[in-house]
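The figures that follow rest on heavy atoms only: side chains count, while hydrogens, waters and symmetry mates do not. All residue numbers in this chain count up from 1 along the given sequence.
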Amino acid sequence: MADAFSYNLHHLIGHDALPDDVKERLAKYAARWSAVDNAGEQGTIKVWARDLSDDEATDIASWIVETAFELNRQFWMDEE
C-alpha cells in the first residue's frame with residue numbers, strides 16, 4: 001500500500017490539475033495516515049495500512065493503480 005501511494009499518487013496530493021474526486025479521495029487517505037502517531041522509520045502509510053482489512057486494502061490498491069493509469073493516460077493523450 002505504501003509503495004503504491006508513494007510511487008504512483010503521493011506526489012500528486014494537492015496538485016491543481018487533478019480532478020476533484022481524486023483530490024478528495026487522496027485528501028481523505030492523507031488525513032488518515034497523517035493521524036498515525038509514532039510511525040518511526042516505517043512511515044505513516046505503512047502503519048496506517050497495517051490496520052486495513054484485506055478487502056479494504058485491495059480496494060484502495062486497485063483504486064491507486066487504476067487512477068494512476070488513467071492520469072498518466074490523460075497526460076500522454078494531452079501531450080499529443
Separation between OG1 of T58 and CG of L52, rounded to the nearest 0.5 Å
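CG of L52 is found 9.5 Å from OG1 of T58.
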I need the S53 OG to I60 CD1 distance, nearest 0.5 Å.
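The CD1 atom of I60 is 8.0 Å from OG of S53, to the nearest 0.5 Å.
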Under 3.5 Å, is there a donor-acceptor pair between the T67 and W63 side chains?
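T67 vs W63: donor-acceptor pair found between side chains.
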Student check: side-chain heavy atoms of L71 and P19 closer than 4.5 Å
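Side chain of L71 against side chain of P19, heavy atoms only: contact under 4.5 Å found.
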So do L26 and K23 actually touch side chain to side chain, heavy atoms under 4.5 Å?
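Answer no - side chains too far apart.
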Heavy atoms of other groups near D54 CG, more than 12 under 6.0 Å
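It does not: D54 CG has 12 such atoms or fewer within range.
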May I ask you to decide whether R32 forms a salt bridge with E56, counting only side-chain N to carboxylate O separations under 4.0 Å?
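Looking at E56 together with R32, the answer is yes, because their closest N to O distance falls below 4.0 Å.
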